[in-house]
Amino acid sequence: MPRGVPESFARFISPLPRTPFAPTPMPAPKTAISPTREVDYPEWYQQVIKAADLAENSSVRGCMVIKPWGYQLWENIQRALDDMFKATGHQNAYFPLFIPMSYLEKEAEHVEGFAKECAVVTHHRLEPNPDGGLRPAGKLEEPLIVRPTSETIIGATYAKWVQSYRDLPILINQWANVVRWEMRTRMFLRTAEFLWQEGHTVHATAAEAIAETEKMVDVYRDFAQDWMAMPVIVGSKTAKERFPGAVDTLSIEAMMQDRKALQAGTSHFLGQNFAKAQDIKFQSEKGGVEHAWTTSWGVSTRLVGALIMTHSDDDGLVLPPRLAPTHVVIQPIYKGDSRAEVMAEAQSLRDEIAAQSYAGAPVRVTIDDRDIRGGEKKWYHVKRGVPIRLEIGPKDIAAGTVFCGIRNQPKSFGISRSELVSTIGTKLETLQSELFAAALHLRESNTVTITNEADFRDFFSTQNEDKIHGGFAHAYFADEDALEPLLKELKVTIRCVPRGDNTTPGTCFLTGRPAEKKAVFAKAY
RNA sequence: CGGGGCGUGGCUCAGCCUGGUAGAGCGCUGCGUUCGGGACGCAGAGGUCGCAAGUUCAAAUCUUGUCGCCCCGACCA
């Protein structure tokens with residue numbers, strides 16, 4: 001590489017020798033996305049978002065514009081989850097964007113966790129600035145923060161709602177935006193403002209609240225696996241990784257294609273911490289006054305990032321059919337006179353496919369009849385991750401066939417029209433399960449069990465440290481604090497203590513001391 | 001907040017070192033040729049070179065200040 005050329009620009013330098021005479025046209029790229037995952041994974045991620053038209057950066061630092069294709073994806077995620085929340089007895093409500101600053105102060109750990117990244121509203125008016133422009137005026141008596149999460153304001157409200165054990169449980173969810181003033185942002189994975197849902201529940205007993213926490217993390221697991229085709233590990237966070245103010249934090253952890261871990265959802269058992277801080281108490285059946293037990297749980301637009309990094313390839317986005325805004329796109333191939341005939345045929349094909357069902361609903365099919373070249377159109381849909389692409393032209397019409405491309409298969413194929421229509425639902429199901437299987441295989445083949453420090457170091461610091469991140473390491477540990485220097489050095493974190501994986505005690509991989517907990521270690525987003 | 005880098009048509013950038021009044025590719029518009037595969041030709045629209053001072057006959061180019069953004073670290077769904 002020439003001196004002074006940053007590594008990230010290396011891809012722009014053609015590896016092919018170029019003759020000084022006939023300027024060879026750039027060879028058609030073998031992949032639609034460059035750089036490829038292998039060359040520069042973070043840059044590949046950005047390029048997929050761009051090529052798939054999911055989102056773009058806005059003029060506001062750290063805040064993105066979610067474009068229609070990306071937002072439809074989010075809407076599908078919302079719809080599926082919302083149904084699951086309703087099915088588990090929850091209702092939606094909405095609480096304010098602004099939270100009085102004093103509310104945040106009530107729970108000590110909570111303040112510590114969020115104070116550093118809060119947007120603060122101090123004025124309520126603008127007035128002309130003598131030097132031109134505008135300046136804030138009308139100082140607020142008490143500053144308001146823009147919610148980084150809503151435990152405090154919702155808790156304060158619940159305190160008024162709860163009088164008696166008869167008022168419990170309260171099972172409410174809200175779909176909202178929140179703001180966390182992050183220093184470094186990445187589209188979908190960490191933005192200053194993001195969309196999410198946050199469930200907040202109140203219970204009469206610890207056992208009931210714990211059951212709720214477990215129930216909701218299971219909902220997240222099911223959603224991740226059944227809808228996103230993303231295998232996840234369910235487990236408990238260690239003390240240092242817990243949500244500020246929680247007694248226990250459960251999470252789902254997924255492995256991305258660069259083998260780094262991504263926390264995709266969390267469910268917190270808050271004990272009585274928030275209930276005490278906010279005075280949520282009730283009169284029990286026996287007549288005594290008790291503090292209630294609360295939970296909170298959430299997933300965010302980060303799931304879109306998870307989806308991208310789990311399935312997409314060097315040709316762009318790959319969408320699991322259950323969440324794809326469009327299942328099938330039909331591309332009519334015509335020239336000159338054949339247009340009317342081909343269009344009519346494409347429309348009847350669309351109607352037949354729309355009459356088929358997949359996952360209990362009609363197949364979502366569209367025709368792309370834009371007047372652009374076929375190749376360009378093909379790649380447009382490939383990059384956007386449409387599960388199935390169909391092409392139909394005069395030759396197909398004559399032969400009673402269509403040409404079919406499935407997003408996870410390199411080659412398109414011809415198929416009789418009737419067979420295609422009758423198997424379209426099956427093809428979508430197959431794709432969905434193949435995506436899951438591939439993601440699971442990646443995780444399984446990059447997961448190890450580690451029993452000593454040397455192996456641990458080797459696993460997380462081998463080869464190209466920029467690109468290779470080891471994967472998931474299962475290991476026993478005795479004391480989280482004792483691990484800290486090593487984890488910091490290797491930039492590894494404890495992802496979670498997997499549920500149901502701690503029945504037998506073992507030996508700490510670092511200290512050799514007896515250990516009860518076995519955790520998953522990984523580099524993480 | 002520390003350490004680097006960058007602000008030039010919609011996008012990506014060249015030009016700056018060695019001041020002389022703005023370029024390329026892509027995209028866009030029109031016309032034509034193409035058309036089972038991310039086409040090609042011709043014509044065209046589009047920029048007070050981030051902002052402000054200074055040096056100079058003359059500043060995208062030199063100086064100072066300022067604002068914004070990106071990358072690398074400390075924090076994080």
Side-chain angles (χ1 to χ4, degrees), chain A residues 4-9 12 23 25-33 40 42-43 46-47 50-51 56-62 112-118 148-149 176-186 188-198 220 237 240-244 249 251-254 261-268 296-306 315-316 331-336 338-339 342 371-383 389-399 401-403 405 412 414 466 488 491 493 524-525:
Chain A
V5 177
E7 167 115 25
S8 58
F9 288 107
F12 295 125
M26 278 297 279
K30 273 180 284 186
T31 61
I33 304 294
D40 185 343
E43 181 60 24
Q46 300 289 346
Q47 293 303 325
K50 197 170 169 181
E56 65 187 37
N57 275 315
S58 71
S59 49
V60 182
R61 182 196 154 78
E112 187 146 341
F114 288 107
K116 282 166 290 188
E117 52 188 37
C118 285
T149 178
N177 58 339
V178 289
V179 168
R180 296 182 187 175
W181 214 261
E182 302 289 350
M183 300 189 195
R184 296 195 59 190
T185 58
R186 297 190 66 190
F188 289 112
L189 295 178
R190 178 166 300 107
T191 45
E193 179 191 12
F194 57 95
L195 306 182
W196 78 346
Q197 56 71 215
E198 45 182 328
Y220 290 154
K237 290 291 187 182
K240 284 183 188 301
E241 303 278 343
R242 229 172 254 154
F243 176 75
T249 289
S251 75
I252 52 171
E253 302 283 333
L262 183 76
Q263 177 177 309
T266 50
S267 181
H268 315 290
S296 67
W297 28 273
V299 298
S300 70
T301 36
R302 173 178 258 203
L303 288 178
V304 176
D315 285 331
Q331 204 176 319
I333 307 287
Y334 51 78
K335 52 183 168 186
S338 58
R339 186 176 200 282
V342 173
D371 189 18
I372 58 173
R373 293 179 64 80
E376 189 179 347
K377 200 182 279 187
K378 166 189 167 175
W379 286 106
Y380 174 87
H381 295 291
V382 169
K383 287 187 284 194
R389 256 181 340 94
L390 299 178
E391 299 172 11
I392 183 160
K395 291 178 198 167
D396 296 302
I397 295 171
T401 61
V402 294
F403 204 57
S412 304
D466 283 344
K488 208 155 188 167
K491 294 183 179 167
T493 55
Y525 276 97

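Per chain, numbering begins at 1; letters A, B, ... match sequence-line order.
- The environment of NZ in K240(A) is crowded: more than 12 heavy-atom neighbours from other residues, nucleotides or ligands sit within 6.0 Å.
- One distance of note links CD1 of I333(A) with NZ of K377(A); it measures 7.0 Å at 0.5 Å rounding.
- Under 4.0 angstrom from either OP1 or OP2 of A39(B) there lies at least one side-chain N or O belonging to R373(A).
- Rounding to whole angstrom units, CH2 of residue W379(A) and P of C35(B) are separated by 22 Å.
- When heavy atoms are screened at a 4.0 angstrom cut-off, Q263(A) is found touching the sugar-phosphate backbone but no base atom.
- Among the protein residues, T191(A) comes within range of the nucleic acid bases, having at least one heavy atom under 4.0 Å from a base atom.
- Within 4.0 Å of K237(A), counting heavy atoms only, lies no atom of the nucleic acid at all.
- Toward the 5′ end of RNA chain B lies the nearest nucleotide of Y334(A), the other residue of the pair R302(A) and Y334(A) mapping further downstream.
- In this structure, the side chain of S300(A) engages the main chain of R302(A) through a donor-acceptor pair within 3.5 Å.
- Nucleotides G3(B) and G38(B), compared at atom C1', are 42 Å apart to the nearest Å.
- G7(B) sits 8 Å from G50(B) when the P atoms are compared, rounded to a whole Å.
- On the C1' atoms, G20(B) is 7 Å away from A58(B), given to the nearest whole Å.
- For CH2 of W379(A), the number of neighbouring non-hydrogen atoms (other residues, nucleotides, ligands) closer than 6.0 Å is greater than 12.
- Partners of K116(A) under the salt bridge (charged side-chain N to carboxylate O under 4.0 Å, His left out) rule, at least two apart in sequence or in another chain, do not exist in this structure.
- Note on R61(A): a side-chain N or O is less than 4.0 Å away from OP1 or OP2 of C70(B).
- Atom NZ of K395(A) and atom C1' of C35(B) are 12 Å apart (whole Å).
- Spacing of C1' atoms, G15(B) relative to A22(B), comes out at 9 Å, to the nearest Å.
- Atom P of G73(B) sits at a distance of 49 Å from the matching atom of C57(B), rounded to the whole Å.
- Nucleotides U48(B) and U61(B), compared at atom P, are 16 Å apart to the nearest Å.
- Counting heavy atoms from C-beta outward, Q263(A) and E241(A) have side chains that stay 4.5 Å or more apart.
- Going from the C1' atom of G65(B) to that of U55(B) covers 15 Å, rounded to whole Å.
- Side-chain proximity of I333(A) to the nucleotides C75(B), G37(B), G38(B) is greatest for G37(B).
- Spacing between C49(B) and G10(B) at atom P, rounded to whole Å, works out to 13 Å.
- When rounded to the nearest whole Å, the span between CD of Q47(A) and C1' of U12(B) equals 11 Å.
- Atom pair F114(A):CZ and C75(B):P shows a separation of 16 Å (rounding to whole Å applied).
- No N or O donor and acceptor, one from the side chain of Q331(A) and one from the base of G36(B), sit under 3.5 Å apart.
- Counting non-hydrogen atoms under 4.0 angstrom, S300(A) reaches a base of the nucleic acid.
- For RNA chain B, runs of at least 3 consecutive pairs of the Watson-Crick or G-U wobble type, with both hydrogen-bonding distances under 3.5 angstrom, map to B:1-7 with B:67-73, B:10-13 with B:23-26, B:28-33 with B:39-44, B:50-54 with B:62-66.
- Between E182(A) atom CD and G73(B) atom C1' there is a gap of 16 Å when expressed in whole angstrom units.
- Heavy atoms of G393(A) sit under 4.0 angstrom from at least one base atom.
- Between H381(A) atom NE2 and E376(A) atom CD the span is 10.5 Å, to the nearest 0.5 Å.
- F243(A) CZ to W297(A) CH2: the interatomic distance, rounded to the nearest 0.5 Å, is 14.0 Å.
- Straight-line distance from the CG atom of L189(A) to the C1' atom of A77(B): 10 Å, rounded to whole Å.
- Heavy atoms of F194(A) sit under 4.0 angstrom from at least one base atom.
- What separates CG of D396(A) from C1' of G37(B) is a distance of 13 Å, to the nearest Å.
- With rounding to the nearest 0.5 angstrom, the CZ atom of R242(A) is 11.5 Å from the NZ atom of K237(A).
- Counting to the nearest Å, the P atom of A77(B) and the CH2 atom of W297(A) are 19 Å from each other.
- Comparing atom distances between the K383(A) side chain and each of C75(B), G38(B), G37(B) picks out G38(B) as nearest.
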